Amino acid sequence: MYKDYLEGCYKGLKRKSIESESLTNERESYFCKEQSKMPIFPKEQCVMNAWSDFQLESDRLNRNGESIRAYNTIAKDNTHLKLGIGGTPTNWKTSLIVAWIYIHLSVIFLLISMPLLAWLLGNEKLSFDLIKICLLVWLISKLVSIFFRKSRLFKKLKLQTFFNRSSGNIEVPSSDGKELIGLKYDEFNAHYRVVHNPNSGFPFRGFTLLHYKKDELFDYTGPTYIYDVFCELELIENFMDTTKPLADIPQFEYYREFDKTTAEFDKANGRPKYFWYRVERKFAKQMNKEALKLSKEFDNEEQLDNLLMGKPIKKLNPPEIFKFPWKYAENIKPESEIKFGKTAWQKFTSFLMIDL
C-alpha cells in the first residue's frame, strides 16, 4: 500500500528567494563559502532523463538481491520513500570507512598479484610467505568488519545522506556522524563542482547541494561530462517532486508501489508490476544505448559554457521509451517467477569484500 505524503513534501517548486538570500562570505566553512560562489544549476529540468550508466549497476544489484536488502534496512523506520545516495564523505568517520574499504581492496589485489609475481620470478618460498601475510591481513579486516557491522556503535552511526520524498527533506549526517539533520529540499541550491582527476587529467564534475544559509550540504562528483551530472541531479529532483511519477528506472523499482503519484500513474497506464525485476537484463543494456544516443544531442562543452556563464541550458526531448519502457520490452516473465540471488562468482567476490 502506498504511503501518504506529509504536509511539507516538495511539490516541484523551489523557493525563488534562496538564490538572492544565499549566504557567501558570511559562512564559517571555507568549503561552503567557496562553493556558494559557484554557478547554480537551473531549477527546471533540462535533459529530462534520469538514466545514467549507474542504472546498469542498479539492475545488477536488483537481481542479486543487494538492493532489496538495503531498501529493507532503510525502511525499518516505516519510511519506504527514502533514497540513500553515496556522495563525497563529509565527516572524518565516513572518510575513515571509505579508506578502510580501499585498503581492503588493495589487500585483495596484493593477495593475488604479489605471490603470483614472486612465483613467476622463481621464488616459491617468498610466494607462500606473501600469501600467508596477505591472507592474514585480509582475514583480520574481514572479521573486524563483521563484528563492527553488528555492533551498537555501527548502528548508531549516521553516515549516508537520505532524500525523503514523503517529507520533502534532505537528511544530512552531522559533523560527528551521530545524527541526521533534516532540512527542506527547496532550501538547497545546486552549485557546480569540479575536482581534479590525477589519473586521466580529465576533471571529475558534479554538484554540491548547499543550504542557502546553513553549512549543510550533499556533495557529489564523478562524471566527466556535464550531461551525466544533469542526469544525477534530475534523478534527485524527480525523486523529491511528488507532483510527478518516479522515473521508470531500475533504481526506483522498489519505491513505485509505495508512492501515491507513481502507483496511480502505473495503474492508469497498465505498467506491469515489478517490471524491472521481470524483464530480461539485455533490455537494461538496450536502454543504456538509447541514453547514449540522447546524450550526443546535448553538446557537453557548449552546455557547460552556458552553465558557467548563466545562459539557458538546452532542453532535450527524450523518446517515449524512457517514459513507457515496458511497451518496448519483450519476454516479461510472470510475477511468480521473480527470483533474487547471486551467481557463484558474485557470492565469491562478496565473500572477499567487507560489508559496511
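For reference, positions follow the sequence shown, starting with 1. Quick caveat: nothing in here was measured; it's all calculated off a predicted structure. These values consider heavy atoms only, across backbone and side chains, with no hydrogens, waters or symmetry-generated copies.
Under the 4.0 Å criterion applied to side-chain N and carboxylate O atoms, Glu66 and Lys342 are assigned as salt-bridge partners.
Minimum heavy-atom separation, Gly8 to Lys184: O-NZ, 3.1 Å. Closest of all the heavy-atom pairs between Phe162 and Gly84 is CD2-CA, 3.6 Å. Nearest heavy-atom pair across Thr242 and Thr261 is O-OG1, 2.7 Å. Taking each heavy atom of Ala118 and Leu130 in turn, the nearest pair found is CB-CD1, 4.1 Å. Residues Val47 and Glu234 approach most closely at N-OE2, 3.1 Å, considering heavy atoms. Across Trp51 and Pro250, no two heavy atoms sit closer than the pair CZ3-CD, 3.4 Å.
Under the 4.5 Å side-chain heavy-atom criterion for Ile, Leu, Val, Met, Phe, Trp and Tyr, Ile133 and Phe128 are members of distinct hydrophobic clusters. Leu126 and Leu117 fall into different hydrophobic clusters, where Ile, Leu, Val, Met, Phe, Trp and Tyr are joined by side-chain heavy atoms under 4.5 Å apart, directly or via other members. Both Phe275 and Phe239 belong to a common hydrophobic cluster when Ile, Leu, Val, Met, Phe, Trp and Tyr are linked at side-chain heavy-atom distances under 4.5 angstrom. Under the 4.5 Å side-chain heavy-atom criterion for grouping Ile, Leu, Val, Met, Phe, Trp and Tyr, Leu183 is not connected to Ile40 through any hydrophobic cluster. In terms of hydrophobic clustering, with Ile, Leu, Val, Met, Phe, Trp and Tyr side chains grouped at heavy-atom distances under 4.5 Å, Phe230 and Leu292 are assigned to different clusters.
Glu257 is listed as a side-chain neighbour of Tyr274, based on a closest heavy-atom distance under 4.5 Å. In this structure, Tyr5 and Asp259 have side chains that are in contact, with non-hydrogen atoms separated by less than 4.5 Å. Contact annotation: the side chain of Asn189 never approaches that of Leu210 to less than 4.5 Å [non-hydrogen atoms, C-beta and beyond]. Side-chain contact between Leu235 and Gln55 is present, with at least one heavy-atom pair separated by less than 4.5 Å. Here the side chains of Leu135 and Leu111 are in contact, with some heavy-atom distance below 4.5 Å. Contact annotation: the side chain of Ile236 approaches that of Phe207 to within less than 4.5 Å [non-hydrogen atoms, C-beta and beyond]. Residues Glu232 and Ile85 have side chains in contact (heavy-atom distance under 4.5 Å, counting atoms from C-beta outward). Counting heavy atoms from C-beta outward, Phe258 and Leu246 have side chains that stay 4.5 Å or more apart.
Note that the OH atom of Tyr10 and the CD1 atom of Ile170 stand 10.0 Å from one another [nearest 0.5 Å]. In this structure, the separation between CG on Leu294 and CE on Met287 is 10.5 Å, given to the nearest 0.5 Å. Atom CZ in Arg63 sits 9.5 Å away from atom CZ in Phe340 (nearest 0.5 Å). We find the NZ-CZ distance between Lys260 and Arg165 to be 12.0 Å, quoted to the nearest 0.5 Å. With values rounded to the nearest 0.5 angstrom, Asn300 atom CG is found 7.0 Å from Ser295 atom OG. In this structure, OH in Tyr255 is found 8.5 Å from CG in Leu81, a value given to the nearest 0.5 Å.
Under the 3.5 Å distance criterion, the side-chain polar atoms of Gln346 are matched with a main-chain donor or acceptor of Thr343. For His104 (side chain) and Leu352 (main-chain N/O), a donor-acceptor pair under 3.5 Å exists by modelled atom type. Between the side chain of Arg256 and the main chain of Thr262, no donor-acceptor pair closer than 3.5 Å is present. For the pair Asp241 (side chain) and Glu237 (backbone), a donor-acceptor distance under 3.5 Å is absent. Counting only distance, with no hydrogens or angles, the side chain of Lys142 and the backbone of Met353 share a donor-acceptor pair below 3.5 Å. Side-chain N or O atoms of Ser127 include none that pairs as donor or acceptor with a backbone N or O of Asn123 at under 3.5 Å. Listed for the Asn238 side chain is a donor-acceptor partner under 3.5 Å among the backbone atoms of Ala247.
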### Query
Between Tyr227 and Asn49, is a side-chain contact (heavy atoms from CB on, under 4.5 Å) present by the stated rule, with each step listed?
CA-CA 10 Å; Tyr227 171 84; Asn49 176 35; 3.2 Å; yes
### Task
Take Lys267 and Glu264 through the test side-chain contact (heavy atoms from CB on, under 4.5 Å) and record every step on the way to the result.
CA-CA 5 Å; Lys267 184 178 180 180; Glu264 291 174 352; 5.8 Å; no
### Task
Evaluate the criterion side-chain contact (heavy atoms from CB on, under 4.5 Å) for residue pair Arg205 and Tyr192; output intermediate values, then yes/no.
CA-CA 8 Å; Arg205 306 190 193 279; Tyr192 175 65; 2.6 Å; yes
### Task
Kindly indicate, with the supporting measurements, whether the criterion side-chain contact (heavy atoms from CB on, under 4.5 Å) is fulfilled by Asp299 and Glu301.
CA-CA 6 Å; Asp299 192 339; Glu301 291 187 10; 4.3 Å; yes
### Query
Checking side chain to side chain donor-acceptor pair (under 3.5 Å) for the pair Glu335/Tyr277: CA distance, chi angles, key distance, verdict?
CA-CA 9 Å; Glu335 257 186 81; Tyr277 299 156; over 6 Å; no
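Atom OH of Tyr225 is surrounded by 12 or fewer heavy atoms from other residues, nucleotides or ligands within 6.0 Å. Around CD of Glu124, the count of heavy atoms belonging to other residues, nucleotides or ligands within 6.0 Å does not exceed 12. For Phe109, the CZ atom counts as loosely surrounded, since its 6.0 Å shell holds 12 or fewer non-hydrogen atoms of other residues, nucleotides or ligands. Within a 6.0 Å sphere centred on NZ of Lys178, heavy atoms belonging to other residues, nucleotides or ligands number 12 at most. Summarising the local packing, NZ of Lys285 is surrounded by 12 or fewer heavy atoms from other residues, nucleotides or ligands at distances under 6.0 Å.
Centroid-to-centroid, the aromatic rings of Trp138 and Phe351 come within less than 6.0 Å. Trp276 and Phe252 have their aromatic ring centers separated by at least 6.0 angstrom.
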Table please: side-chain donor-acceptor pairs of residues 24-32 below 3.5 Å, with sequence neighbours left out.
unit_1 : atom_1 : unit_2 : atom_2 : d
Asn25  : OD1    : Lys37  : NZ     : 3.1
Glu26  : OE1    : Thr24  : N      : 3.2
Arg27  : NE     : Leu23  : O      : 2.8
Arg27  : NH1    : His211 : O      : 3.4
Arg27  : NH1    : Lys214 : O      : 2.9
Arg27  : NH1    : Asp215 : OD1    : 3.0
Arg27  : NH2    : Leu23  : O      : 3.4
Arg27  : NH2    : His211 : O      : 2.6
Arg27  : NH2    : Tyr212 : O      : 3.0
Ser29  : OG     : Phe31  : N      : 3.4
Ser29  : OG     : Cys32  : N      : 3.2

For residues 308-329, dump all side-chain donor-acceptor pairs below 3.5 Å to protein atoms at least two apart in sequence or in another chain.
unit_1 : atom_1 : unit_2 : atom_2 : d
Lys314 : NZ     : Glu297 : O      : 2.5
Glu320 : OE1    : Tyr328 : OH     : 2.9

